[in-house]
Enquirer: 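Below is the structure I would like to discuss, written out as C-alpha cells.
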Amino acid sequence: MTGEPATPDRAGVRWRVVVPVKEADRAKTRLQPTHPLARPALARAVAQDTLTAVCAALPPRDVLVVTTDPAAAGAATALGATVVADPGAGLDAAVRTGLARVLPVDDGHTPGWAVLLGDLPSLRPEDLRDALARCAEHPRAVVPDADGTGTVLLTSTVGPPEPRFGPGSAARHGADATVLELALPRLRRDVDTAADLAAALALGVGTATARVLAGPPG
C-alpha cells in the first residue's frame, strides 16, 4: 500500500476511511421489511452500495472495512479494500480496531483519518468527496445524520478520532470537533427504520439495494 501513489483531496489531505459493517444477521434489527424480503439480505445490499460508493470516491487501498460478515468482506475484497476482523465488542471497538490499522504515510500530504458508517444506500462518490473536502477545513469534524443526532462521518487530521457512537453521538463527537450539518442529504441518510428506508428510496439508492427491494424476477 505504501508504494502506491497517494491521491489527496483538493485540500491536500490523504484520507484513510474506516467503514464498520455489522454482521447482516444481527444488523438493522429495527428495520423489519415486509415478506418475502429478508432483513439480512437488505442489510448486506445497503452495505454493498455504501462500500461501492466509498471505493469509487477514494482509492480502495485507502479504505478499511471492519467486519466479520462474509458477504461484506467479499464485496470489500473484490473492490480492493482492506478487510479487518470485527472484534465483536460493539461499534466503538470495531472502529478503534480499524483506526489502529491506519498508519500515516510519509508522502508529503496531510494524513486524514475518517470513519464512515456502512448503512448509506443513497451515497454517491461525489457526496463523500465533497464532505471530506469540507471536513479537511477543520482539525476534527463530525457530520450528523439526517435527524441531526447520530453520526455518519467522523474525521480528524490531527490523529485518530475517538469514536463515541450510539444514540446522541453527534453531540458527543461535537464536544471536541466541528459539527458540519452539510447539505448532502444522500450522505446523511442512514437507514435504521422503515421510514429511513423510504426516505433513502426517495433520494435514490444504489443498485444492490434496488435489486433486493425489487424482489426476485417474475
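By convention here, the first residue in the shown sequence is residue 1. Computed over heavy atoms, backbone and side chain alike; hydrogens, waters and symmetry mates excluded.
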Enquirer: Is any side-chain heavy atom of Leu153 closer than 4.5 Å to one of Val115?
Expert: no
Enquirer: When you compare the side chains of Thr52 and Asp49, does any donor N or O come within less than 3.5 Å of an acceptor on the partner?
Expert: no
Enquirer: Going by heavy atoms in the side chains, are Val18 and Val66 under 4.5 Å from each other?
Expert: yes
Enquirer: Return the minimal non-hydrogen interatomic distance between Ala57 and Pro125, and the atom names on each side.
Expert: CB-O, 3.5 Å
Enquirer: What distance do Leu154 atom CG and Cys135 atom SG have between them, rounded to the nearest 0.5 Å?
Expert: 8.5 Å
Enquirer: Shortest non-hydrogen contact from Leu42 to Leu213?
Expert: CD1-CD2, 4.0 Å
Enquirer: Report yes if the side chains of Val19 and Leu117 come closer than 4.5 Å at any heavy-atom pair, otherwise no.
Expert: no
Enquirer: Please confirm whether the backbone N or O of Thr149 pairs with a side-chain atom of Asp147, one donor and one acceptor, at under 3.5 Å?
Expert: no
Enquirer: Please assess His173 against Glu162 for the test side chain to side chain contact (heavy atoms under 4.5 Å, CB included), listing each intermediate value before the final yes or no.
Expert: CA-CA 8 Å; His173 288 139; Glu162 178 60 30; over 6 Å; no
Enquirer: Considering all heavy atoms of both residues, which atom of Pro160 and which atom of Arg140 are nearest to each other, and what is their separation?
Expert: O-NH1, 4.0 Å
Enquirer: Would you mind reporting whether Leu187 and Val143 have side-chain heavy atoms less than 4.5 Å apart?
Expert: yes
Enquirer: Hey, are the side chains of Asp86 and Pro20 touching, using non-hydrogen atoms and a 4.5 Å cut-off?
Expert: no
Enquirer: Under 4.5 Å between side-chain heavy atoms, counting indirect links through other Ile/Leu/Val/Met/Phe/Trp/Tyr residues: same cluster for Leu203 and Leu197 or not?
Expert: no
Enquirer: Looking at CG of Leu184 and CD of Glu126, how far apart are the two atoms once the value is rounded to the nearest 0.5 Å?
Expert: 9.5 Å
Enquirer: Taking 4.0 angstrom as the limit, do Arg164 and Asp92 come out as a salt bridge?
Expert: no
Enquirer: Supply the atom-to-atom distance Leu58 CG to Arg14 CZ, rounded to the nearest 0.5 angstrom.
Expert: 10.0 Å
Enquirer: May I ask you to say whether Asp127 pairs ionically with Arg189, meaning some side-chain N is under 4.0 Å from a carboxylate O?
Expert: no
Enquirer: With side chains defined as the heavy atoms from C-beta onward, is the minimum distance between Val65 and Thr82 less than 4.5 Å?
Expert: no
Enquirer: Going hydrophobic residue to hydrophobic residue with side-chain gaps under 4.5 angstrom, can you get from Val21 over to Val83?
Expert: no
Enquirer: Find out whether Arg186 and Leu120 are in side-chain contact, i.e. whether some heavy atom of one side chain is under 4.5 Å from a heavy atom of the other.
Expert: no
Enquirer: As an exercise, state the distance from OG1 of Thr151 to CZ of Arg188, rounded to the nearest 0.5 Å.
Expert: 10.5 Å
Enquirer: Looking only at heavy atoms, what is the nearest atom pair of Asp69 and Lys22, with distance?
Expert: CB-O, 4.2 Å
Enquirer: Going from CZ on Arg16 to CZ on Arg61, what distance comes out if it is rounded to the nearest 0.5 angstrom?
Expert: 8.5 Å
Enquirer: Grab the two heavy atoms, one from Thr50 and one from Pro121, that are nearest each other, plus how far apart they are.
Expert: OG1-N, 4.1 Å
Enquirer: With rounding to the nearest 0.5 angstrom, report the CG to OG1 distance, Leu201 to Thr209.
Expert: 8.5 Å
Enquirer: Less than 4.5 Å apart, any side-chain heavy atom of Trp15 and any of Thr157?
Expert: yes
Enquirer: Donor-acceptor pair, Ser122 side chain versus Ala200 backbone, under 3.5 Å?
Expert: yes
Enquirer: What heavy-atom pair brings Pro144 and Val142 nearest, and what distance separates the two atoms?
Expert: CD-O, 3.7 Å
